[in-house]
Amino acid sequence: MSLRTEKWKEAVWAYFFLLPSAVLFSIFLFYPMIRSVYLSFHLTNPRGKVAMFVGLENFIDIFRTDAFFESLKVTALFMLYTVPTGIALSLLLAVLTHNKLRGMRAFQWVFSMPIVISVATGSAIWLLLFHPSVGMLNYFLSVAGIEPIRWLSDPRWALFSVSLMTIWMNTGFSYIVLLGGLKGISAEIYESATIDGASAWRTLRSITLPLLSPTFFFLSVVSMIGSFQAFGQVHILTKGGPTHATDVVVYSIYQEAFVNFQFGTASAKALVLFAILLLLTLIQFRFAEKKVHYQ
(Lines give C-alpha, C1' and ligand atoms only; values in the text may rest on other atoms or scores of the structure.)
Protein backbone atom coordinates (compact mmCIF):
# COMPACT_ATOMS: atom_id res chain seq x y z
CA MET A 1 0.00 0.00 0.00
CA SER A 2 1.40 3.35 -1.03
CA LEU A 3 1.96 6.22 1.38
CA ARG A 4 -0.60 8.32 -0.47
CA THR A 5 -3.29 5.65 -0.10
CA GLU A 6 -2.48 5.28 3.60
CA LYS A 7 -2.89 9.04 4.18
CA TRP A 8 -6.16 9.00 2.25
CA LYS A 9 -7.54 6.21 4.44
CA GLU A 10 -6.50 8.06 7.59
CA ALA A 11 -8.28 11.19 6.36
CA VAL A 12 -11.44 9.18 5.61
CA TRP A 13 -11.44 7.66 9.10
CA ALA A 14 -10.81 11.06 10.66
CA TYR A 15 -13.79 12.61 8.89
CA PHE A 16 -15.88 9.54 9.76
CA PHE A 17 -15.27 10.03 13.48
CA LEU A 18 -15.86 13.76 13.18
CA LEU A 19 -19.15 13.27 11.37
CA PRO A 20 -21.41 12.86 14.48
CA SER A 21 -20.04 16.08 15.99
CA ALA A 22 -20.40 17.89 12.68
CA VAL A 23 -24.03 16.76 12.38
CA LEU A 24 -24.85 17.90 15.93
CA PHE A 25 -23.12 21.25 15.43
CA SER A 26 -24.99 21.72 12.15
CA ILE A 27 -28.38 20.98 13.71
CA PHE A 28 -28.01 22.88 16.99
CA LEU A 29 -25.55 25.66 16.11
CA PHE A 30 -24.97 26.39 12.43
CA TYR A 31 -28.57 26.01 11.23
CA PRO A 32 -30.04 28.21 14.03
CA MET A 33 -27.42 30.89 13.30
CA ILE A 34 -28.17 30.87 9.56
CA ARG A 35 -31.91 30.84 10.30
CA SER A 36 -31.56 33.81 12.67
CA VAL A 37 -29.74 35.81 9.99
CA TYR A 38 -32.50 34.95 7.51
CA LEU A 39 -35.33 35.87 9.90
CA SER A 40 -33.67 39.14 10.92
CA PHE A 41 -34.40 40.50 7.42
CA HIS A 42 -38.07 39.51 7.48
CA LEU A 43 -41.32 40.27 9.29
CA THR A 44 -43.42 37.41 10.66
CA ASN A 45 -47.18 37.10 11.04
CA PRO A 46 -48.97 36.38 14.39
CA ARG A 47 -48.34 32.65 13.85
CA GLY A 48 -44.61 33.21 13.47
CA LYS A 49 -44.51 32.54 9.74
CA VAL A 50 -42.36 34.68 7.42
CA ALA A 51 -44.57 37.40 5.93
CA MET A 52 -42.35 39.79 4.00
CA PHE A 53 -38.77 40.89 3.40
CA VAL A 54 -37.90 44.19 5.13
CA GLY A 55 -34.12 44.33 4.82
CA LEU A 56 -32.48 46.23 7.68
CA GLU A 57 -35.76 47.62 9.00
CA ASN A 58 -35.77 45.27 12.01
CA PHE A 59 -32.32 46.48 13.05
CA ILE A 60 -33.32 50.11 12.57
CA ASP A 61 -36.46 49.63 14.68
CA ILE A 62 -34.40 48.15 17.52
CA PHE A 63 -32.28 51.28 17.83
CA ARG A 64 -35.26 53.61 17.39
CA THR A 65 -36.93 52.41 20.60
CA ASP A 66 -35.77 52.92 24.16
CA ALA A 67 -36.72 49.39 25.25
CA PHE A 68 -33.61 47.76 23.78
CA PHE A 69 -31.29 50.32 25.35
CA GLU A 70 -33.05 49.86 28.71
CA SER A 71 -32.56 46.10 28.50
CA LEU A 72 -28.89 46.67 27.62
CA LYS A 73 -28.56 48.94 30.66
CA VAL A 74 -30.14 46.31 32.91
CA THR A 75 -27.84 43.63 31.46
CA ALA A 76 -24.76 45.81 31.98
CA LEU A 77 -25.74 46.45 35.61
CA PHE A 78 -26.37 42.73 36.08
CA MET A 79 -22.89 42.00 34.71
CA LEU A 80 -21.29 44.59 37.02
CA TYR A 81 -23.14 43.15 40.02
CA THR A 82 -22.32 39.50 39.36
CA VAL A 83 -18.96 39.16 37.59
CA PRO A 84 -16.52 41.07 39.88
CA THR A 85 -18.33 40.02 43.08
CA GLY A 86 -18.54 36.36 42.04
CA ILE A 87 -14.84 36.16 41.15
CA ALA A 88 -13.78 38.00 44.33
CA LEU A 89 -15.92 35.74 46.54
CA SER A 90 -14.62 32.60 44.82
CA LEU A 91 -11.04 33.82 45.24
CA LEU A 92 -11.59 34.40 48.97
CA LEU A 93 -13.04 30.92 49.43
CA ALA A 94 -10.26 29.33 47.33
CA VAL A 95 -7.50 31.10 49.29
CA LEU A 96 -9.06 30.03 52.61
CA THR A 97 -9.45 26.37 51.65
CA HIS A 98 -6.56 25.49 49.32
CA ASN A 99 -4.25 24.42 52.15
CA LYS A 100 -3.96 20.83 53.35
CA LEU A 101 -5.37 21.30 56.84
CA ARG A 102 -7.67 18.63 58.18
CA GLY A 103 -11.30 19.14 57.15
CA MET A 104 -10.55 21.38 54.17
CA ARG A 105 -11.86 18.79 51.72
CA ALA A 106 -15.29 19.03 53.31
CA PHE A 107 -15.31 22.80 52.80
CA GLN A 108 -14.07 22.38 49.22
CA TRP A 109 -16.94 19.99 48.54
CA VAL A 110 -19.50 22.38 50.04
CA PHE A 111 -18.23 25.42 48.13
CA SER A 112 -18.20 23.41 44.88
CA MET A 113 -21.80 22.21 45.27
CA PRO A 114 -23.58 25.02 43.34
CA ILE A 115 -22.00 23.79 40.11
CA VAL A 116 -24.12 20.61 40.17
CA ILE A 117 -27.39 22.47 40.83
CA SER A 118 -29.42 23.44 37.77
CA VAL A 119 -30.63 26.99 37.23
CA ALA A 120 -34.23 25.90 37.72
CA THR A 121 -33.49 24.17 41.03
CA GLY A 122 -31.36 27.03 42.31
CA SER A 123 -34.02 29.55 41.33
CA ALA A 124 -36.70 27.53 43.14
CA ILE A 125 -34.55 27.47 46.30
CA TRP A 126 -33.97 31.22 46.22
CA LEU A 127 -37.63 31.85 45.39
CA LEU A 128 -38.42 30.41 48.82
CA LEU A 129 -35.64 32.39 50.48
CA PHE A 130 -36.94 35.61 48.91
CA HIS A 131 -40.58 34.98 49.92
CA PRO A 132 -41.84 38.20 51.54
CA SER A 133 -43.60 36.55 54.49
CA VAL A 134 -42.11 33.08 55.08
CA GLY A 135 -38.68 33.51 53.48
CA MET A 136 -35.59 33.02 55.60
CA LEU A 137 -33.99 36.30 54.49
CA ASN A 138 -36.84 38.43 55.82
CA TYR A 139 -36.97 36.29 58.95
CA PHE A 140 -33.35 37.15 59.73
CA LEU A 141 -34.09 40.81 59.02
CA SER A 142 -37.02 40.72 61.45
CA VAL A 143 -34.81 39.17 64.13
CA ALA A 144 -32.40 42.08 63.64
CA GLY A 145 -35.27 44.56 63.91
CA ILE A 146 -35.19 45.55 60.22
CA GLU A 147 -38.30 46.00 58.10
CA PRO A 148 -38.91 43.16 55.60
CA ILE A 149 -37.82 43.74 52.01
CA ARG A 150 -39.90 42.93 48.94
CA TRP A 151 -36.93 41.27 47.26
CA LEU A 152 -38.52 40.37 43.93
CA SER A 153 -41.46 42.80 43.72
CA ASP A 154 -39.64 46.04 44.52
CA PRO A 155 -37.90 47.56 41.45
CA ARG A 156 -35.11 48.83 43.70
CA TRP A 157 -34.27 45.32 44.94
CA ALA A 158 -35.30 42.98 42.12
CA LEU A 159 -32.11 43.14 40.04
CA PHE A 160 -29.98 42.95 43.18
CA SER A 161 -31.90 39.85 44.29
CA VAL A 162 -31.48 38.08 40.94
CA SER A 163 -27.79 39.05 40.98
CA LEU A 164 -27.39 37.63 44.50
CA MET A 165 -28.82 34.30 43.40
CA THR A 166 -26.62 34.31 40.26
CA ILE A 167 -23.45 35.00 42.29
CA TRP A 168 -24.23 32.00 44.48
CA MET A 169 -25.00 29.83 41.44
CA ASN A 170 -21.75 30.76 39.64
CA THR A 171 -19.53 30.47 42.70
CA GLY A 172 -19.10 26.71 42.33
CA PHE A 173 -17.53 26.92 38.87
CA SER A 174 -15.34 29.96 39.66
CA TYR A 175 -14.24 28.40 42.95
CA ILE A 176 -13.15 25.14 41.29
CA VAL A 177 -11.22 27.00 38.56
CA LEU A 178 -9.45 29.29 41.05
CA LEU A 179 -8.71 26.40 43.40
CA GLY A 180 -7.11 24.54 40.51
CA GLY A 181 -5.08 27.65 39.69
CA LEU A 182 -3.86 27.90 43.28
CA LYS A 183 -2.86 24.26 43.34
CA GLY A 184 -0.88 24.83 40.14
CA ILE A 185 1.41 27.35 41.85
CA SER A 186 4.62 25.68 43.02
CA ALA A 187 5.02 25.38 46.80
CA GLU A 188 8.71 26.29 46.37
CA ILE A 189 7.71 29.84 45.43
CA TYR A 190 5.80 30.25 48.70
CA GLU A 191 8.68 28.70 50.66
CA SER A 192 11.12 31.20 49.14
CA ALA A 193 8.77 34.06 50.02
CA THR A 194 8.51 32.82 53.62
CA ILE A 195 12.29 32.60 53.93
CA ASP A 196 12.57 36.18 52.62
CA GLY A 197 10.16 37.29 55.36
CA ALA A 198 7.19 38.17 53.13
CA SER A 199 3.91 38.61 55.00
CA ALA A 200 0.72 36.76 54.02
CA TRP A 201 -0.71 39.90 52.41
CA ARG A 202 2.52 40.59 50.47
CA THR A 203 2.61 36.97 49.28
CA LEU A 204 -0.98 37.19 48.10
CA ARG A 205 -0.45 40.52 46.32
CA SER A 206 2.97 39.87 44.78
CA ILE A 207 2.89 36.13 44.08
CA THR A 208 -0.58 34.58 44.17
CA LEU A 209 -2.54 37.22 42.27
CA PRO A 210 0.01 37.68 39.42
CA LEU A 211 0.35 33.93 38.95
CA LEU A 212 -3.45 33.59 38.92
CA SER A 213 -3.85 36.25 36.22
CA PRO A 214 -4.44 33.67 33.41
CA THR A 215 -7.20 32.16 35.54
CA PHE A 216 -8.71 35.59 36.23
CA PHE A 217 -8.62 36.39 32.52
CA PHE A 218 -10.39 33.14 31.63
CA LEU A 219 -13.04 33.63 34.33
CA SER A 220 -13.66 37.25 33.39
CA VAL A 221 -14.30 36.35 29.74
CA VAL A 222 -16.50 33.34 30.53
CA SER A 223 -18.41 35.14 33.31
CA MET A 224 -19.02 38.21 31.17
CA ILE A 225 -20.47 36.10 28.36
CA GLY A 226 -22.55 34.12 30.87
CA SER A 227 -23.98 37.27 32.45
CA PHE A 228 -25.15 38.55 29.05
CA GLN A 229 -26.83 35.20 28.40
CA ALA A 230 -28.68 34.97 31.74
CA PHE A 231 -32.25 33.81 31.28
CA GLY A 232 -33.43 30.95 33.53
CA GLN A 233 -33.21 32.74 36.86
CA VAL A 234 -34.85 35.88 35.44
CA HIS A 235 -37.70 33.87 33.95
CA ILE A 236 -38.38 31.93 37.16
CA LEU A 237 -37.82 34.67 39.74
CA THR A 238 -39.18 37.86 38.17
CA LYS A 239 -40.20 37.29 34.52
CA GLY A 240 -38.44 40.53 33.65
CA GLY A 241 -40.33 42.62 36.20
CA PRO A 242 -41.24 44.50 38.17
CA THR A 243 -41.61 47.39 35.68
CA HIS A 244 -38.87 45.84 33.48
CA ALA A 245 -36.31 46.20 36.30
CA THR A 246 -34.84 42.76 35.46
CA ASP A 247 -35.62 42.69 31.74
CA VAL A 248 -32.20 41.60 30.49
CA VAL A 249 -31.51 41.37 26.75
CA VAL A 250 -31.94 37.59 26.43
CA TYR A 251 -35.28 37.71 28.24
CA SER A 252 -36.46 40.53 25.96
CA ILE A 253 -35.48 38.35 22.97
CA TYR A 254 -37.50 35.48 24.45
CA GLN A 255 -40.52 37.76 24.95
CA GLU A 256 -40.28 39.11 21.43
CA ALA A 257 -40.00 35.65 19.86
CA PHE A 258 -42.17 33.33 21.93
CA VAL A 259 -44.73 35.73 23.41
CA ASN A 260 -45.16 38.32 20.65
CA PHE A 261 -44.16 35.88 17.86
CA GLN A 262 -42.03 38.56 16.22
CA PHE A 263 -39.20 36.27 15.21
CA GLY A 264 -37.70 38.81 12.84
CA THR A 265 -37.18 41.44 15.53
CA ALA A 266 -36.05 38.80 18.03
CA SER A 267 -33.46 37.47 15.56
CA ALA A 268 -32.20 40.99 14.91
CA LYS A 269 -31.81 41.53 18.67
CA ALA A 270 -29.97 38.22 18.98
CA LEU A 271 -27.52 39.21 16.24
CA VAL A 272 -26.93 42.60 17.84
CA LEU A 273 -26.28 40.85 21.15
CA PHE A 274 -23.83 38.51 19.41
CA ALA A 275 -22.01 41.52 17.93
CA ILE A 276 -21.83 43.20 21.36
CA LEU A 277 -20.45 40.06 23.00
CA LEU A 278 -17.91 39.61 20.21
CA LEU A 279 -16.79 43.23 20.58
CA LEU A 280 -16.47 43.01 24.37
CA THR A 281 -14.53 39.75 24.10
CA LEU A 282 -12.14 41.24 21.55
CA ILE A 283 -11.62 44.27 23.80
CA GLN A 284 -10.76 41.98 26.70
CA PHE A 285 -8.28 40.04 24.58
CA ARG A 286 -6.82 43.28 23.23
CA PHE A 287 -6.27 45.08 26.53
CA ALA A 288 -6.78 42.75 29.51
CA GLU A 289 -4.54 39.97 28.17
CA LYS A 290 -1.56 42.33 28.24
CA LYS A 291 -1.65 42.17 32.04
CA VAL A 292 -1.75 38.39 32.14
CA HIS A 293 1.41 36.84 33.56
CA TYR A 294 2.15 33.38 32.13
CA GLN A 295 4.66 31.27 34.04
Side-chain angles (χ1 to χ4, degrees), residues 21 24-25 28-37 40 59 62 68-91 94 112 114-120 122-123 159-160 162-181 212-238 240 246-257 266-292:
S21 298
L24 290 175
F25 270 96
F28 296 107
L29 181 62
F30 301 135
Y31 172 74
M33 289 181 64
I34 296 171
R35 184 68 176 174
S36 294
V37 174
S40 67
F59 295 92
I62 289 174
F68 182 70
F69 292 102
E70 285 296 320
S71 64
L72 271 181
K73 179 182 175 182
V74 171
T75 307
L77 285 173
F78 179 75
M79 179 188 69
L80 292 175
Y81 288 162
T82 57
V83 174
T85 309
I87 294 177
L89 177 62
S90 301
L91 174 64
S112 303
I115 198 174
V116 302
I117 299 176
S118 67
V119 176
S123 299
L159 186 61
F160 172 81
V162 176
S163 301
L164 186 64
M165 177 266 166
T166 305
I167 291 169
W168 169 82
M169 187 179 67
N170 293 340
T171 298
F173 173 75
S174 299
Y175 171 76
I176 291 174
V177 173
L178 286 168
L179 188 64
L212 280 179
S213 56
T215 308
F216 287 134
F217 179 68
F218 167 75
L219 282 178
S220 65
V221 173
V222 171
S223 300
M224 183 270 294
I225 294 174
S227 66
F228 268 83
Q229 295 176 335
F231 170 78
Q233 60 269 46
V234 174
H235 183 59
I236 294 172
L237 293 176
T238 62
T246 59
D247 190 16
V248 294
V249 175
V250 171
Y251 193 77
S252 71
I253 293 173
Y254 161 78
Q255 290 274 74
E256 196 73 22
S267 297
K269 284 186 177 181
L271 292 175
V272 172
L273 177 61
F274 170 76
I276 292 172
L277 281 174
L278 179 62
L279 178 62
L280 291 175
T281 303
L282 291 175
I283 290 173
Q284 284 186 296
F285 273 90
R286 178 68 177 83
F287 296 102
E289 195 179 19
K290 290 181 178 180
K291 299 181 179 180
V292 175

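It should be emphasised that the depicted structure is a prediction, and the values quoted were computed from it without experimental measurement.
Judged as a side chain to side chain donor-acceptor pair (under 3.5 Å), and not counting sequence neighbours, the contacts of T238 are T246. By the side-chain contact (heavy atoms from CB on, under 4.5 Å) test, Y31 pairs with R35, sequence neighbours left out. Residues that satisfy the side-chain contact (heavy atoms from CB on, under 4.5 Å) test with V177, not counting sequence neighbours, are F173, T215, F218, L219. Contacts of T75 classified as side chain to side chain donor-acceptor pair (under 3.5 Å), with partners at least two apart in sequence or in another chain: none. For the ring-ring contact (aromatic ring centres under 6.0 Å, His included) test, residues two or more places apart in sequence or in another chain that qualify with F231 are H235, Y251, Y254. Checked against side-chain contact (heavy atoms from CB on, under 4.5 Å), I117 has the following partners two or more places apart in sequence or in another chain: T121, W168. Taking the side-chain contact (heavy atoms from CB on, under 4.5 Å) definition, one finds that S71 meets it with F68, V249, S252, sequence neighbours left out. Considering only residues two or more places apart in sequence or on other chains, F216 meets the ring-ring contact (aromatic ring centres under 6.0 Å, His included) condition with none of them.
Closest heavy-atom contact between T166 and V162: OG1-O, 2.8 Å. Contact record, A94 with L178: CB-CB, 4.1 Å, taken as the closest heavy-atom pair.
Atom-to-atom distance recorded for S112:OG and Y175:OH is 5.5 Å, nearest 0.5 angstrom. We find the OG-CD1 distance between S174 and I115 to be 9.0 Å, quoted to the nearest 0.5 Å. In this structure, OG in S220 is found 9.5 Å from CD1 in I225, a value given to the nearest 0.5 Å.
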Scan the side chains in residues 77-91 for donor-acceptor partners under 3.5 Å anywhere in the protein, sequence neighbours excluded, and list what turns up.
from, atom 1, to, atom 2, distance (Å)
T82, OG1, F78, O, 2.8
T85, OG1, Y81, O, 2.9
S90, OG, G86, O, 2.8

Cut-off 3.5 Å, no hydrogens considered: what does the side-chain donor-acceptor table look like for residues 266-287, sequence neighbours left out?
from, atom 1, to, atom 2, distance (Å)
S267, OG, F263, O, 2.8
T281, OG1, L277, O, 2.7

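Around atom CZ of F69, more than 12 heavy atoms belonging to other residues, nucleotides or ligands sit under 6.0 Å away.
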Practice task
Would you sort out whether E70 and D247 count as a side-chain contact (heavy atoms from CB on, under 4.5 Å), showing the intermediate values?
Solution key: CA-CA 8 Å; E70 285 296 320; D247 190 16; over 6 Å; no
